[in-house]
Number of protein chains: 2
Amino acid sequence: MSIPAPRTRIQEKNRTTILEAGLDVFSKFGFRGSTLDQIADAAGMSKPNLLYYFASKEAIHTELLQGLLETWLDPLRDMQADGDPVTEILNYVRRKLWMARDFPRESRLFANEILQGAPRIQDDLQGDLKKLVDAKAEVIRGWSADGKIAAVDPHHLIFSIWALTQHYADFDVQVRAVLGGADPFPGAQSYLEQLFGQLLRV
Amino acid sequence: MSIPAPRTRIQEKNRTTILEAGLDVFSKFGFRGSTLDQIADAAGMSKPNLLYYFASKEAIHTELLQGLLETWLDPLRDMQADGDPVTEILNYVRRKLWMARDFPRESRLFANEILQGAPRIQDDLQGDLKKLVDAKAEVIRGWSADGKIAAVDPHHLIFSIWALTQHYADFDVQVRAVLGGADPFPGAQSYLEQLFGQLLRV
DNA sequence: TCTTGATTTGACCAACTGGTCAAACGAACG
DNA sequence: CGTTCGTTTGACCAGTTGGTCAAATCAAGA
């Protein structure tokens, strides 16, 4: 509706290149810490050329965040009420952990935005996100009521899954510093399966 | 050793005022997102006056981080090998959660620094922090070996405590958006006690 | 009161940053 | 070959920002 899809193939390609470069830079330095020159450099083109494809620095950032919000919640959306409860929840944990491992820049971009008070996505949080979480919390509450998992606060369960998985992306340098550089993800996965397995069992 | 304590009482007071203002601004906007003018405003003094007490913007930031690092880990230091294991760990969780509730700015300042790759405190992470965590991990491993708590990966246990407690400070806007503005901390505390209680019981 | 040293600030500067613009370039098509 | 239209960029600009400096103010002791 608002964005008439870019026409030519070269436009498509350059917009993608810019968004990729923007993700790289924004996730590393935050919005205010990033400069158009940095992004232009990373994208291998001149600053005015950036602004030929995007109206402003903010436009790049906004498009990244919106695109991210859309896909970031897919694993939660896929949690099915009619699946096996423990399996559904543990699968959600696993998929979120893999996203932290495979898309740490996206996680950090998001973390940066929330840390600064979510100035650009607060509406999405209070709207779509809240609706989705409330719906899934109801599903979890149902599982508890049916005695299929332990009685837990569904909202805090979801928060804890977010916190524990994103931590490995957002605090990567700290985790690796403490572990002496070792890959934290294998250990994280079995720890999280143990943690949530114990929590949920009736 | 390195810092000859400020002499006069007025210096003491002004440095404190500036650090307080710096914490306020840095925790909200990050290092690059904050300006000396903002900090001077918040401190109620002129910009050159700031720089009479601190050599640079970076000096304020560094002093905040160093002071923070010192006290931030006190709850972990206080975990005693000869206490009751579950009590010791649950007390650590509680104290960390209270810190997230009572000192969210400090938590966000730290999160900002780590997110950007910890450019100013990487040495501390790989040095003192790693040493402390390794020592406490050994204590926890001992508890597990003695059958006093379940067998868990001690490092990931500590990471999970950090992640779950700091999440309520760092992602405050998101948590409150999803909860519709309600205070998350009471619910968080009982959820976390349940979570770690289940995990640790033998 | 006068002197001295600490404190405070208005004015200023150089570097940086987001963004503009006119001109140049390139490819497809007649 | 020449026109046209999409693409690219060097040069530039105004606002911001970290930091400087000399001058002004203040407080306390002689």
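All values below come from the heavy atoms of this structure, side chains included, with hydrogens, waters and symmetry mates left out. Chain naming here is simple, since letters A, B, ... match the order of the sequence lines and numbering starts at 1 in each.
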Hey, which of these two, B/Phe31 or A/Met45, hits DNA chain D nearer its 5' end, going by closest nucleotide? A/Met45
For D/dT8, does OP1 or OP2 lie under 4.0 Å from any side-chain N or O of A/Asn14? yes
Could a donor-acceptor pair under 3.5 angstrom be found where the side chain of A/Lys47 meets the base of C/dG18? yes
Looking at D/dT9, I'd like to know if its phosphate oxygens (OP1 or OP2) sit under 4.0 Å from a side-chain N or O belonging to A/Asn49. yes
A/Phe103 atom CZ, over 12 foreign heavy atoms within 6.0 Å: no
Hey, does A/Leu36 reach any base, or is it just sugar-phosphate, or nothing, if we go heavy atoms under 4.0 Å? sugar-phosphate
With heavy atoms under 4.0 Å as the rule, sort B/Thr35 into base, sugar-phosphate or nothing. sugar-phosphate
Can you name the one residue among A/Leu125, A/Ile158, A/Leu73 that meets side-chain contact (heavy atoms from CB on, under 4.5 Å) with A/Val133? A/Ile158
Tell me what B/Tyr53 touches on the nucleic acid: a base, only sugar-phosphate, or nothing, going by heavy atoms under 4.0 Å. sugar-phosphate
Does a nitrogen or oxygen in the side chain of B/Gln11 sit under 4.0 Å from OP1 or OP2 of C/dT7? yes
Under-4.0 Å side-chain N/O to phosphate OP1/OP2 contact, B/Arg32 with C/dT17: yes
Between C/dT7, C/dC21, C/dG19, which nucleotide has the shortest distance from any of its atoms to the side chain of A/Pro48? C/dC21
